[in-house]
Amino acid sequence: MAASVSTALDFHFTITHSSDTKKPFLFSLPPRQQSTKRFTILCKSSTNTKSSPDVATDAEAGPLPQNPSLSDQLKPLSLNLLSKTKENQQPQLHSKPNSTWVNPSRPKRSVLSLQRHKRSSRSYNPQLRDLKLFSQKLNDCEPSEIALSAALQEIPHPPTRDNALLILNRLKPWQKTLFFFNWLKTQNLFPLETIFYNVTMKSLRFGREYQLIEDLSREMIDTGVELDNITYSTIISCAKRCNLLDKAVEWFERMYKTGLMPDEITYSAVLDVYAKLEKVEEVLTLYERGRASGWKPDPVAFCVLGRMFGEAGDYDGIRYVLQEMKSVGVEPNLVVYNTLLEAMGKAGKPGLARSLFEEMVASGLTPTEKTLTALVKIYGKARWSRDALQLWESMRSNKWPMDFILYNTLLSMCADLGLEEEAEKLFDDMKQSEECRPDSWSYTAMLNVYGSGGKVEKAMELFEEMPESGVELNVMGCTCLIQCLGRARKIDDLVRVFSVSIKRGIVPDDRLCGCLLSVLSLCEEGEEVDKVFACLEKANPKLVSFVKLLGHGEASFDKIKEELRLILNETVVEARRPFVNCLIDVCRSRNIPERAHELLYLGTLYGLYPGLHNKTAQEWSLNLRSLSVGAAYTAFEEWMGAVSKVVERQEALPELFSAHTGAGTHKFAQGLANEFGSHLKELAAPFKQSEEKAGCYVATREDLISWFQSRVPSVAC
DNA sequence: ATAGGGTTAG
């Protein structure tokens, strides 16, 4: 029974398996061939594109209003061709042999300028020292208008263009930059050219002041100050940091419409915008279109691609990036390696991450804290204890750099791998150190270590120690501790920890509620259940009413369905399946299996159990890997019920039946395989543990049929 | 941070 908590609540486990739903790589053609095709399609489509209907109306739009926006050029592609598979593309190309691309007389329209924006050469300024000191004085000055105005009176040299620029460049935070910029405007000493706007915008970007940046750009447009590539890339990257991706696209479009060609910096900033929008197709089209324009992408562009494929869990995409780097002749730098390592982790390829890391070290690069953090995380999540420990050893013997993020990641890895002693050692190291003192994340990781290992006393000691060390508890630490106390059935301690946590400012989230729900399924009805209810009532009263509703025999299925829908809609996506898993466990522990079946059905209806069943002509299988123990039993009963109906109707059945619980790579979450195995024995079901695959139970059709006959003789006739 | 783009913990 103890295992049901960890199975139902092992969010890492859930997240690992959610990669099943990730989009497959859409281009399975080899890269070279693919690129030719894509480009072919693009050229054809761009010549067919009508001029842009929405001509820009502002001051800058004058000279080149006929430029179609890039997205207009891309639209027909993404709508008509790119979403189709290669099988669909193939005949289309061959059926139109007269496509324009064949005609070499028509030059391809370039999409980016291969020349970077030229910077004005800075000449030596003999007043540099004074001006630096003056900037510093402004930076240290009280941020009020009066104080700043007073300080400006003491400017050591006349604010010529170059002097003013020098000061503007050194001011922070953005309020002071903007103040100085506006002051310059009122002085009317010289016209404020593009560079003054650009420098001010850069400072505003540090403060993520997108609206102010946009106001400044509008001002530029209104007063006829030219917007250049630096202006646009600053606006676009600020919009991106403020998560205003549509704004970023909008400004990029505007740039094309006004006839300004992006250079490679703006171009890769925009690639990143489309990547963040998860528009993989558009990114690749832009990338290859840029390549066809003669662009030699630099490491930054490859980082953008790599991260995008990592987010999509797309290993083929990552391989494509590596191949492209090779064919373009770009050596990956540290940032590229770090990005690709992380991407490999997200794509679920720990082995390839390891080889990439080895390649990186062999190439003479020294891993940074970030490299090691990425790798440690990958090994921990993959439960690769041996590699994790080896890496740790090399970190020490090579004296590779450590920071406190890496320390905390190592601690989390220890929690993932169940390395209690190592975690304790690390934690002590951190306490001894000056610059890596344990913070709330370190404590959370330790609570996770002790919590997963069932070390209640040690976990409680940490909990008491935290306020003494001045470290605040966070909701994840609270969840780990409550889970641990619940498994140990220390309900009174649990209640105390919960209420103290609330007093310490913890705001319960859905994961904590899921944890309380799972504890509920372990409790005896009566006093214990009431105590947990009281906690859950404070965190999520609707869940309490729903659990009570489940026990009302007269509550209709439609009522349950509607109430569950309302609850799930208010629950974060990653906690929905754990919720239903726990609710099913609660129903089973209260001996209302009909409700458990209803909930499993509803969970399936609401898409929480995708791929539960798999059928081929040879084998039917049941995938229980993301289910709690109670949900797994329920799903198995449901499955057997359905199969026995097929038997009754004498319809075709496959040779083999298999149920997969997964081996449970987590040291503390191996419950499901074992519990399910013993459950099968109790039922005398003919499923046998597969010899080649752990966590896989197999039965033959004949055995299953005779089991049905022995179990329900009345139906068997 | 010296007018612009990329990596950064659960």
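Note: hydrogens, waters and symmetry copies are ignored here, and every other heavy atom, side chains too, is used. Chain letters run A, B, ... following the sequence lines, proteins first, then strands; residues in each count from 1.
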ask   = Quick one: do A:E342 and A:R307 make a salt bridge, cutoff under 4.0 Å?
value = no
Selected nucleotide, minimal atom distance to [X] side chain, candidates [options]:
| X | options | answer |
| --- | --- | --- |
| A:D439 | B:dT7, B:dA3, B:dA9 | B:dA9 |
| A:D228 | B:dG10, B:dA3, B:dG4 | B:dA3 |
| A:K172 | B:dT7, B:dG4, B:dA1 | B:dA1 |
| A:V300 | B:dA3, B:dG6, B:dA9 | B:dG6 |
| A:I405 | B:dT2, B:dG10, B:dA9 | B:dA9 |

Compare side-chain N and O positions of [X] against OP1 and OP2 of [N] and report whether any pair is under 4.0 Å apart.
| X | N | result |
| --- | --- | --- |
| A:K377 | B:dG10 | yes |
| A:R170 | B:dT2 | no |
| A:R241 | B:dG6 | yes |

Donor/acceptor link under 3.5 angstrom from [X] side chain onto base of [N]:
| X | N | answer |
| --- | --- | --- |
| A:T266 | B:dG4 | yes |
| A:N338 | B:dG6 | no |
| A:D263 | B:dG4 | yes |
| A:T234 | B:dG4 | no |
| A:N169 | B:dT2 | no |

ask   = Which residues satisfy the ring-ring contact (aromatic ring centres under 6.0 Å, His included) test with A:W295, sequence neighbours excluded?
value = A:Y267, A:Y287
key: Residue list, salt bridge (Lys or Arg N to Asp or Glu O under 4.0 Å) with A:D387, at least two apart or on another chain   =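 Partners of A:D387 under the salt bridge (Lys or Arg N to Asp or Glu O under 4.0 Å) test: A:R354.
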request  = Using a 4.5 Å cut-off on heavy atoms from C-beta on, say whether the side chain of A:R170 contacts that of A:L166.
outcome  =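 They are in contact (side-chain heavy atoms under 4.5 Å apart), so the answer is yes.
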